[in-house]
Every structure is written in structure tokens, then in C-alpha cells.
Amino acid sequence: MSTMKSTTRPLFAALADAVRVLNEERGKTDEDAAAANHRLHAALADCLESIDGDFRLKPRVAPVRQGPAGVLAYLLYEADRLSRLVLALPRTRGVSPQDEAARSSLAFLLHAGDELSRIARRRSVEPHEGGRLTVFDELPFQSLRGLAPIALSMERVKTAKTRMERVERAEASGLLTAAEEEITRAVGEQELQFFIDRTRRRQRWAAPLWTAAAHVAAAQAEPAPPSLSEEHALIDRLETEAASSAGLDVEELSELRTRFEAGVDTLALEEQKTLRRAADRLARIAASTTRTMPQSRAAHLVNVYVTIPRETSERFTAEMAADILKAPDTARRTIDRSHAAREAAAEVASTLPSGKPQQMCEVDYLQFVRDQVAEALRGIGHRVQSKRMVILTPPVPDETSQVALQNLVQVFGNTCVLLGGVEDAAIRIPPPSRFGIQLRRARSCDCGRHPAPGPGGEER
């Protein structure tokens, strides 16, 4: 007796034209990414129109469960999202945002072609036994592909400040998925390079973007940040030049400032003019050095600490000059703290099993911080505002603030920072990563104790 072959048509056979379009485009060597991307988008949009011209993608349902139109609509939606995310990030000299946006969209579409082909052969929504899941099986808000444009943009700049600006701009764009936001919010200054390396390793669809000539040239053109010793040397130079402008050396200027802070009456009028002359010179060279050495965090910090006193007073008094001349010392301490924090993070990472941090529920970690702070600050009024910020309240004298800082240093390490406030002081403690901990937030933790999401999906 002969056996009849099944004539069941694949469930997603309507995607055949889209698969053909992608395969044809892959064989072309079009140097104009914008033209190729536009041509491919138009062809795929025609394919979607022929399947269901009125289709609307449901963001809370896996595309594969929305039929052939859902799969194709999601392919176009995700490519468009990646393109708009690139345009929302800060520009990089030597890289055209429009060209980069087109290349990102094109790279994703071509990479997804093989997965679209597998979907087109399916006879059911679920993959066959042992079959791999595709991008179309995941929920749209679980996508992590938006991390690639952020990491690419970050690699083209070298300072922590400019890299964090890319993360913040991406978050403000409104184009990140819930899963991407969860990761970017956990990225601190010490994890920036780890974020870039991990994203490059995991987001394989973006591999052509990392090796693109424009990206490589832009990344190599950006000067590397100065070393710690070079930053210290820069601060020393700024300090020396400021003192020389007033006819003094650094030690003499420091002594003059110390005498002034001890009591205004101890300085003659001419000596106060000397302070103002040195402070004015420091302010000018700090501003110019920031412009000529944007990769130097030391130059940036000195300029910031010089600017703060100038913004809080209308007259250029001797008191303001003394505050301005503190800028180099303050910048040195900040640079040293950041360097110590990076070294501590690297040391912790080297001791972790397989280099992976320990997973911990965010609720449990916050309670751990509260318990540790309560023990360390016994008898000193405070509240834990967040996992990194402790507020001393009600207002306490400077001596008590210093005692509180030292007590927390004993618990959390020497990268704790005392921040002055208008009404109360605050102490910033290191991030969880400093202790080899990676937090599980509401969307990735099933403990049920996290605050409920707000109306827009944000955690309250």
C-alpha cells in the first residue's frame, strides 16, 4: 500500500517573497548603504502590503504568534527602531549619522534573513523539536539589539563622561526596550568597557558595523585618555602656571591662600590682589585646556571646580579667588578616587567565578545597604535614599559628617564620597558591582516584592 505524502502548506509560506528579496539583496555589493536600505525597506513593505496592508503589530505578543504579517511587520519595525536610535545618539566626528543609521538597519535586515527563512518553512507556530528560536519568537520588549548602536557610539569616544552621555541620550530617546533599559540603568562608569565588550560579543548581527571602515577610523582617531600620572602632571602644570602669573611658586601661593582662609585681616590688600590674579589665570587656562584636551578628565574637573565659585558670587572677591584656587587639589582627589574605584572593580572581577558577578535581588540588596548603614551610623540621623545615596538628616555639623563618612568607609571601602548639600549632606557609596553583585530588577526577578510598574511601564 502506497503512503501519501503530506501536502500541508507551511503556515508561514506567505513570507516566501520576503525571503527571496532578502536573499537577492545579500548578493549585491552596493556601497551606498542608504540606497540599499531604502530599496530593501520598500521591497519588504510591498511584501507586507500583499499579505495584509492593514496589519498593526501588537507589542506584547511574539511576532511569530501574529502570523506572517506579524513577522514581517516586526522585522521592519525593529530595523526602523535601530535606525532612529542611531540618529538619537550624539554625533561622532567623521561618521555620518544618516549613513550609520542606514547601515545599522541594513545589517539587521540581512542578518535576520536566515531566521526569516526558517520561519517561512515552519508548519506551526512553535519550532520543530530541537529547532532554534529566532528573533521572531521573542517578545518585542525583550529585544537587546538596541545595545549595539549604543556600544558602537561609545567605542568612538574614550572618556567616561562622553561615554555616559551616550547611555543617557539613548535612555532619553524613548527608543529602548524594557530589557535594554534594565541593562543601561545598571551601567556605571566602572562598567563602561565591560558593557562595550559584552555587547560586541553577544550582538552578532552588528558584526559588520564593528569592522566598517568609518567606525574603525573614528575609533582610532579619538585620542586615548591620559594615564593617572599624566593627569596629575596636567594638574601640576595648571597650578604652576597660575602661581607664576602672580610671581609666586606653588608652595608660596598655597601658603598665601591658607593665611587668607585663616583670617582676612592677615593679608594685605596687595596680597589679596595676588590671590585674585592667580585665580583669574587658573580659570582662563582651565577653560582653554578643556577645549584643547577634551579627552582629559583632569582638565574638565579643574574647569568645573573653578566655575562653581564664579557662579555663586557676582563680585570677584578674594574669598572667591581662594575657592577657585582649591580646584586643583579637589580635582586630584576626585581623579584618585575614580582610579581607586576602577582598580577595586577590576580586583573584584578577577576573583569572581568565571568573571561573572553574583546575582542578587534589588530589594534584598537595598535592605542589606540599610542594615549596614544603620549599624555604621548608629546615633547619627540618616536615611537611605537609594542603593548608592545616604542622606544625613537633620543637618549635622561638618565634624559629624566626617565621622559618618569614615564609618561608612570602614564598611563600603574608601571610594565613599561626602557630598555637600544646601540643607543636608549626603554620602555616596560604591555601586553593587564594586562588591561583585549584579542586581535582579523587577522585570528579571520573580520574588514578587518589587514596586509595581507605573502606567508607562516604569518601575515606581
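Residues take their numbers from the sequence shown, with the count starting at 1.
Here the shortest heavy-atom pairing between Pro149 and Val86 reads CB-CG2, 3.8 Å. Asn37 approaches Ser105 most closely through the heavy-atom pair OD1-OG, 2.7 Å. Minimum heavy-atom separation, Gly67 to Phe12: C-CE2, 3.7 Å. The shortest non-hydrogen separation linking Leu139 to Ala62 is CD2-N, 3.5 Å. Nearest heavy atoms, Ala33 versus Arg103: CB-CG, 3.4 Å. A pairwise comparison of heavy atoms in Cys416 and Ile427 identifies CB-CG2, 4.3 Å as the closest pair.
Salt bridge status for Arg39 with Glu25: present, with a side-chain N to carboxylate O gap under 4.0 Å.
A distance-only check finds no donor-acceptor pair linking the side chain of Ser83 to the backbone of Ala79 [under 3.5 Å]. Using modelled atom types, one side-chain atom of Gln66 and one backbone atom of Val61 make a donor-acceptor pair closer than 3.5 Å. Between the side chain of Thr199 and the main chain of Phe195, a donor-acceptor pair closer than 3.5 Å is present. No donor-acceptor pair closer than 3.5 Å links the side chain of Thr92 to the backbone N or O of Val95. For the pair Arg428 (side chain) and Met389 (backbone), a donor-acceptor distance under 3.5 Å is absent.
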Show your working on side chain to side chain contact (heavy atoms under 4.5 Å, CB included) between Leu82 and Trp205 and close with a plain yes or no. CA-CA 12 Å; Leu82 295 170; Trp205 69 270; 3.7 Å; yes

Would you check, one step at a time, whether the test salt bridge (Lys or Arg N to Asp or Glu O under 4.0 Å) holds for Asp329 with Arg332? CA-CA 5 Å; Asp329 281 339; Arg332 279 193 196 91; 2.8 Å; yes

Run the side chain to side chain contact (heavy atoms under 4.5 Å, CB included) check on Val417 and Thr334 step by step: do they pass? CA-CA 9 Å; Val417 181; Thr334 303; over 6 Å; no

For a side-chain hydrogen bond (donor to acceptor under 3.5 Å, both in side chains) check, start with the C-alpha distance between Arg169 and Ser173, then their side-chain angles and the critical distance, and finish with the verdict. CA-CA 6 Å; Arg169 188 74 68 86; Ser173 71; over 6 Å; no

Verify salt bridge (Lys or Arg N to Asp or Glu O under 4.0 Å) between Glu171 and Arg185, making sure each step is shown before the conclusion. CA-CA 8 Å; Glu171 291 174 341; Arg185 286 174 183 169; 5.1 Å; no

Worked check of side chain to side chain contact (heavy atoms under 4.5 Å, CB included) between Leu85 and Leu176: CA-CA 8 Å; Leu85 181 56; Leu176 299 186; 3.9 Å; yes

Please evaluate residues Val64 and Thr134 with respect to the criterion side chain to side chain contact (heavy atoms under 4.5 Å, CB included), reporting the C-alpha separation (whole Å), side-chain torsions for both, the decisive distance (0.1 Å), and the verdict. CA-CA 9 Å; Val64 75; Thr134 70; 5.9 Å; no

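Legend: residues meeting salt bridge (charged side-chain N to carboxylate O under 4.0 Å, His left out) with Glu138, ordered by chain and number and at least two apart, are Arg145. Partners of Arg156 according to the salt bridge (charged side-chain N to carboxylate O under 4.0 Å, His left out) rule, which considers only residues two or more places apart in sequence or in another chain, are Glu100.
Of the N and O atoms on the side chains of Arg237 and Thr289, not one donor lies less than 3.5 Å from an acceptor on the other residue.
Taking the six-membered ring for Trp and thresholds of 30 and 60 degrees, Tyr365 and Phe435 have ring planes inclined between 30 and 60 degrees apart.
In the displayed structure, Arg201 atom CZ is contacted under 6.0 Å by more than 12 heavy atoms of other residues, nucleotides or ligands. When the shell of 6.0 Å around CZ of Arg284 is examined, it contains 12 or fewer heavy atoms from other residues, nucleotides or ligands. More than 12 heavy atoms of other residues, nucleotides or ligands lie within 6.0 Å of CZ in Arg84, so this atom counts as buried by the packing criterion.
The shortest side-chain heavy-atom distance between Thr177 and Pro140 does not fall under the 4.5 Å cut-off. Side-chain atoms of Tyr305 and Asp323, non-hydrogen and from C-beta on, never get closer than 4.5 Å to each other. The shortest distance between side-chain heavy atoms of Leu109 and His41 falls below 4.5 Å. Within the 4.5 Å cutoff, the side chain of Arg26 has heavy atoms near those of the Asp114 side chain. The side-chain heavy atoms of Asp236 and Val250, taken from C-beta on, include no pair separated by under 4.5 Å. Proximity of Leu72 to Cys47: side-chain heavy atoms (C-beta onward) are separated by under 4.5 Å at one or more points. Looking at heavy atoms from C-beta onward, Leu238 lies out of side-chain contact with Pro328 at the 4.5 angstrom threshold. Contact annotation: the side chain of Thr290 never approaches that of Val306 to less than 4.5 Å [non-hydrogen atoms, C-beta and beyond].
The only option from Arg166, Arg91, Arg163, His215 that meets the side-chain hydrogen bond (donor to acceptor under 3.5 Å, both in side chains) definition with Ser153 turns out to be Arg166. Asp137 pairs in a salt bridge (charged side-chain N to carboxylate O under 4.0 Å, His left out) with only one of the listed residues (Arg122, Arg118, Arg132, Arg65), which is Arg122.
Once rounded to the nearest 0.5 Å, the distance linking CG of Leu57 with CD of Glu78 reads 10.0 Å. Within the model, atoms CG of Asp336 and CD of Glu231 stand 10.5 Å from one another, a figure rounded to the nearest 0.5 Å. Note that CD of Glu155 is 8.0 Å distant from CG of Asp197, once rounded to the nearest 0.5 Å. For the atom pair Ser143 OG and Glu180 CD, the distance stands at 5.0 Å (nearest 0.5 Å). Rounded to the nearest 0.5 angstrom, Arg20 CZ and Leu15 CG are separated by 12.5 Å. In this structure, the separation between CZ on Phe108 and CG on Leu75 is 5.5 Å, given to the nearest 0.5 Å.
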